[in-house]
**Student:** 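This is the structure, below, for whatever I ask next.
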Amino acid sequence: LLANLKADSTTKPLLQRCHDLVKIIDEYPAKELHVIFPWLVESVFGSLDGIIAGWNLRLLHSRSTEYNVVMEFLNPRYGPMMKLVYKLQAEEYKYEIPVNYLPGPLKACIQEGVLPDCPLFHNKLQFPLSGLLTLNIALNPFEFFMFNFAFCLITPKNFPPGQHGGSTDSAYFVLVDIYLKYFLPSEGSVPPSPFSDSRGSVTAPSPRSSSVSFTGYGVHSPSLLKHHIFHQPSVNADPAAQEIWRTETLLQMFVEVWLHHYSLEMYQKLQSPQVKLALLQYRLSMSSMPYQPYAPPGSGTLHTYQEPFSPTEEHVLVVRLLVKHLHAFSSSLKPEQLSSSPSAHSHTSPLEEFKRFVVVQRFVQQKLYLFLQHCFGHWPLDASFRAVLETWLSYIQPWRYTGEKTNVQESFVQENLLMYTKLFQVFLNRAVRTDLVNAKNALMVFRVAKVFAQPNLAEMILKGEQLFLEPEHVLHHRQPRGYLTPGQGGSYLSSRQRVVTDMVFRVKSHVYALEGQDCQYKQMFGTDLRGALNQGQLTQLISNLGSSQDDGNCKQLPDCIQSDSGLILTDLGRRQIINGLRRFDVPYQGDPELQPIRSYENALLVRLFYRISCLVNHRLGGHMEAVCSRPDFLGRLGRYYLTDPDWTFRLRQSPTSRQTVERSRQPRLSLRPLASYRTLLLLLLLYMLGALLSFGPASSTALILAGGFLYGLLVALFGDKLKTH
């Protein structure tokens, strides 16, 4: 069967192969399907080393003819692939994955002999005779399928020229969304497997080999995940237990594969002192042994665990999808189920209990914090950083995904204080090194400022910092009294002190869990941070934001002030001109009558009309100024014929002295437009038209002058109203 399928994969199209696989999954027993399952998973998602591309789900879009067939084949509700997974799950089959393909911290811990902190990988190690280099983990069919599905995102692939992943409408992105909505539903519960038989669909894994001994165990917080992984449902277990097991497995697999990437030094920093001591004892015992097992070159050094992890934009977008869905999933818990009383949730389902478990903080917070820190520090200084930024902003605003408009949640802010303060400081350090002349980069700074300017958010962050900086001796002084209830002789004031003490410990435990006990906390509202951006950078940023939101930013004036000498540029205006954001429209500033003669003008007529204009302006200038200064209709008519308001406006929009502007506003007679060849041609056509209508030259001249006068009359009467309209 496997040989036939491999042969068909090179000759048959994908649509035909999917059709054949549906028949095979329905007709063949699990014993034969077990043999083809690893090959089938690899042919769909690609190999773990990236050599085999698989179905290229990251490049498959809805425009493709194969899209619908692939989506139906991998559908979690009724798809043939999931049917195969559940069919094999009932038979307790195991599938091995080399430890080398695990995320760096997990791989390093296993190679050092330390139990990973993720219960998902407990009881899964397989030790062959060849030594540490071929360590494997044995996963059940559902875990194996989800691991390969998650790993498909981070596997480097050689895409065809001109194509690259990263689109949110790709088959892979849509499948992630479908799987999250199916296994972590906001409403209802996860449907039981439609393919399970009478024996059930989830069986207990085989226990860990007794010959394997780890030198130390991390101190893990009690969790539903740990309970269900160690005690998976038996063959006759309640379907609700299977429901929560699949949910936890999918979530843990996504988080571990997509987010668990950093050096072992940071990994050990976040572990308990027992783990650190155990690792030290292990290394000392290994160094004192006369014969040491073979280890890779450089093993045991920090360099070994510095994996070259560079997430792509597509990777970050999928992580953001996960964050948004987890916020919506956690906030879908009904208000009556939020109560801590036993009677309030005695009849709740395992999935509802899982929502009460604060999924985001327990599963995602620590790893996402380090993931974002890595991206903030290593991402290129360009506009593609927007994906990382929006992932961060999505995490720190869970109230956006509650389905209804709610206010900022103080408890979430306190329990995620570093996500607000530390990452804001890292972002600010990045912003000062970014080209803020680029409007897209400036817009990212504006987005962060807008988020942190939400009502009461700054006050909540400040309160969280104050709780963290609460002196330890004050806590010890408060605690004995704080834990006395009114029934034990305490007071309601002491109950309030207990609440405050709990808040302090919650904030401190959060910071120490993410940064370690020896962290040096830098306040977000301290004086050091306030000086990170200087005044020049802020003004430049504001000007760039203003210019990026205007359609005609090049038509706006640079920033300047009006003085007796005209417009004077400010420092901001000079930067706007240097960066090409704004400019002056510099016109001719001399006497309009003395402009150079244009190619469309008759030189003889220009000089003749200039002499006539100068003679009239010299003799009648006072009368013309008196007429134009009148506020009545005659004044408006005189200003229309004897002044040029457009010319005066253009001068005001340029760095021109006030004397030049005032001189341009003086009324004068200008006959130069009559020297234009276009005007002469128009007059010739009008005279020819008059001749055709049997008008003589004198009559045509009178009609032309009358028409010009009537046009000016209409403009004087209705010009202001038309401009206002």
Side-chain angles (χ1 to χ4, degrees), residues 259 262 266 269-270 319-320 323 327 358 360-362 364-379 385 388-400 407-434 444-472 474-475 500-534 537-538 541:
L259 297 178
Y262 41 88
M266 179 62 71
K269 181 180 179 181
L270 304 177
V319 170
R320 182 176 183 237
V323 169
H327 278 323
V358 196
V360 176
Q361 280 93 313
R362 298 291 180 90
V364 181
Q365 183 196 71
Q366 184 185 79
K367 295 179 176 64
L368 180 65
Y369 173 72
L370 296 169
F371 177 83
L372 291 175
Q373 265 196 321
H374 178 86
C375 292
F376 276 41
H378 296 80
W379 204 274
F385 183 73
V388 180
L389 181 77
E390 293 300 334
T391 303
W392 172 46
L393 297 182
S394 294
Y395 181 85
I396 64 176
Q397 298 180 92
W399 46 88
R400 290 179 53 189
N407 296 325
V408 179
Q409 303 166 1
E410 184 174 11
S411 61
F412 183 87
V413 174
Q414 293 174 358
E415 294 174 358
N416 294 270
L417 183 64
L418 288 177
M419 301 292 286
Y420 293 89
T421 60
K422 181 67 177 293
L423 290 184
F424 178 81
Q425 296 169 24
V426 177
F427 171 76
L428 198 59
N429 182 49
R430 176 188 176 89
V432 298
R433 296 181 285 112
T434 304
M444 287 191 282
V445 181
F446 172 74
R447 284 278 296 120
V448 175
K450 185 177 180 180
V451 169
F452 279 84
Q454 295 180 80
N456 303 322
L457 180 56
E459 291 78 3
M460 292 179 184
I461 296 174
L462 180 59
K463 181 179 179 181
E465 289 191 324
Q466 293 171 347
L467 291 173
F468 174 74
L469 298 174
E470 186 86 12
E472 294 291 340
V474 176
L475 294 179
V500 174
T501 304
D502 289 344
M503 293 166 57
V504 171
F505 280 121
R506 185 167 62 239
V507 174
K508 286 181 177 288
S509 62
H510 154 69
V511 175
Y512 291 146
L514 266 62
E515 287 290 329
Q517 294 282 343
D518 55 347
C519 69
Q520 298 294 326
Y521 185 78
K522 186 178 180 181
Q523 297 184 54
M524 179 174 174
F525 295 96
T527 56
D528 295 340
L529 190 61
R530 290 182 181 274
L533 279 176
N534 58 46
Q537 290 170 319
L538 288 175
L541 172 62

**Student:** Report the distance from atom CZ of F376 to atom CG of L428, rounding to the nearest 0.5 Å.
**Tutor:** 11.0 Å
**Student:** Quick one: side-chain hydrogen bond (donor to acceptor under 3.5 Å, both in side chains) partners of S394, sequence neighbours excluded?
**Tutor:** R320, Y401
**Student:** Determine whether a donor-acceptor pair (N or O, by modelled atom type, separation under 3.5 Å) exists between the side chain of K508 and the backbone of E470.
**Tutor:** yes
**Student:** For Y521, which residues count as a ring pair (Phe, Tyr, Trp, His ring centres under 6.0 Å) partner, sequence neighbours excluded?
**Tutor:** F468
**Student:** Mind checking ring pair (Phe, Tyr, Trp, His ring centres under 6.0 Å) for Y395 and listing every partner two or more places apart, or none if nothing turns up?
**Tutor:** H327, F412
**Student:** Mind telling me whether F427 and W392 have parallel, tilted or perpendicular rings, with 30° and 60° as the class edges?
**Tutor:** tilted
**Student:** With sequence neighbours left out, what residues match Y420 under side-chain hydrogen bond (donor to acceptor under 3.5 Å, both in side chains)?
**Tutor:** none
**Student:** Look up atom CD in E465 and atom CG in L417, then write down how far apart they are to the nearest 0.5 Å.
**Tutor:** 6.0 Å
**Student:** What is the distance from atom CD of E415 to atom CZ of R506, rounded to the nearest 0.5 Å?
**Tutor:** 4.5 Å
**Student:** Among all residues two or more places apart in sequence or in another chain, which pass the side-chain hydrogen bond (donor to acceptor under 3.5 Å, both in side chains) test with Q397?
**Tutor:** Q454
**Student:** What residues form a side-chain contact (heavy atoms from CB on, under 4.5 Å) with E410, not counting sequence neighbours?
**Tutor:** Q414, M460, K463
**Student:** Over all heavy atoms of both residues, which pair between V323 and L368 is shortest? Give the atoms and the distance, please.
**Tutor:** CG2-CD2, 3.8 Å
**Student:** Decide, yes or no, whether a salt bridge links R447 with E390 under the criterion of side-chain N to carboxylate O below 4.0 Å.
**Tutor:** yes
**Student:** Let me confirm one number: the CG-CD distance from L370 to E515, rounded to the nearest 0.5 Å.
**Tutor:** 8.0 Å
**Student:** Are I396 and F452 packed together at the side-chain level, in the sense that at least one heavy-atom pair is separated by less than 4.5 angstrom?
**Tutor:** yes
**Student:** Return the minimal non-hydrogen interatomic distance between V507 and G464, and the atom names on each side.
**Tutor:** CG1-O, 3.6 Å
**Student:** Taking atom CG of L372 and atom NZ of K367, what is their separation to the nearest 0.5 Å?
**Tutor:** 14.0 Å
**Student:** With sequence neighbours left out, write down each residue that passes side-chain contact (heavy atoms from CB on, under 4.5 Å) with Q466, or none if nothing qualifies.
**Tutor:** L462
**Student:** Identify the two heavy atoms, one from V511 and one from C519, that lie closest to each other, and give their separation to 0.1 Å.
**Tutor:** CG1-SG, 3.9 Å
**Student:** Say you draw a straight line from CG of N416 to NZ of K422; how long is it, rounded to the nearest 0.5 Å?
**Tutor:** 15.0 Å
**Student:** Side chains of T434 and M444: does their closest heavy-atom pair fall under 4.5 Å?
**Tutor:** no
**Student:** Between Q365 (side chain) and H510 (backbone), is there a donor-acceptor pair under 3.5 Å?
**Tutor:** no
**Student:** For R430, what residues pass the side-chain hydrogen bond (donor to acceptor under 3.5 Å, both in side chains) criterion, not counting sequence neighbours?
**Tutor:** none
**Student:** What pair of heavy atoms forms the shortest contact from A513 to Q366, and how long is it?
**Tutor:** O-NE2, 3.5 Å
**Student:** Just so I know, are the side chains of L423 and Q373 near enough to count as touching, which here means a heavy-atom distance under 4.5 Å?
**Tutor:** yes
